[in-house]
Visitor: 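Sending over a structure as structure tokens; questions will come in a sec.
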Amino acid sequence: MALRMLGKDPESKSGDSPTIYLDEDKDTYLVQGWKVEEGERLGQLDLPGHETVVEIPRRMVQFFLETRGGARADV
């Protein structure tokens, strides 16, 4: 698996999270973020048992390749 880190939250106090990765083999994103555990919020999602959801700040959208000009864009 060829994971490429695209970016970390520039405002993270510890500098560790959230983080966005690109799996170049699968052409998918992996998102490290804050685990959502609040029942009220989870109840609003159609979330199958084999999936989970994490939360990232809106400012991190800049790290997704599509927002920077395509899948081959330099980040």
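What's counted below: heavy atoms across the whole structure, side chains too, no hydrogens, waters or symmetry copies.
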Visitor: Hey, do the aromatic rings of Tyr29 and Phe64 have their centres closer than 6.0 Å?
Guide: yes
Visitor: For the residue pair Leu22 and Leu3, establish whether any side-chain heavy-atom pair is separated by less than 4.5 Å.
Guide: no
Visitor: Would you give the length of the straight line joining atom OG of Ser12 to atom CE of Met60, rounded to the nearest 0.5 angstrom?
Guide: 9.0 Å
Visitor: Would you check if Gln32 and Pro18 make a side-chain contact, meaning some heavy-atom pair closer than 4.5 Å?
Guide: no
Visitor: Rounded at 0.5 Å granularity, tell me how far CD in Glu37 sits from NZ in Lys35.
Guide: 5.0 Å
Visitor: With sequence neighbours excluded, tell me which residues meet side chain to side chain contact (heavy atoms under 4.5 Å, CB included) with Glu11.
Guide: Asp9, Arg59
Visitor: Checking Glu24 now: which residues fulfil side chain to side chain donor-acceptor pair (under 3.5 Å) with it, not counting sequence neighbours?
Guide: Arg4
Visitor: Extract all donor-acceptor atom pairs below 3.5 Å that involve side chains of residues 47-55 and protein atoms in other chains or at least two apart in sequence.
Guide:
| from | atom 1 | to | atom 2 | distance (Å) |
| --- | --- | --- | --- | --- |
| Glu55 | OE1 | Arg41 | NH1 | 3.1 |
| Glu55 | OE1 | Arg41 | NH2 | 3.4 |
| Glu55 | OE2 | Arg41 | NH2 | 3.0 |

Visitor: Check Phe63 against Pro10 and note the closest heavy-atom contact, atom names and distance.
Guide: CE1-CD, 4.1 Å
Visitor: Is there a path of hydrophobic side-chain contacts, each under 4.5 Å between heavy atoms of I, L, V, M, F, W or Y residues, that connects Leu30 with Met5?
Guide: yes
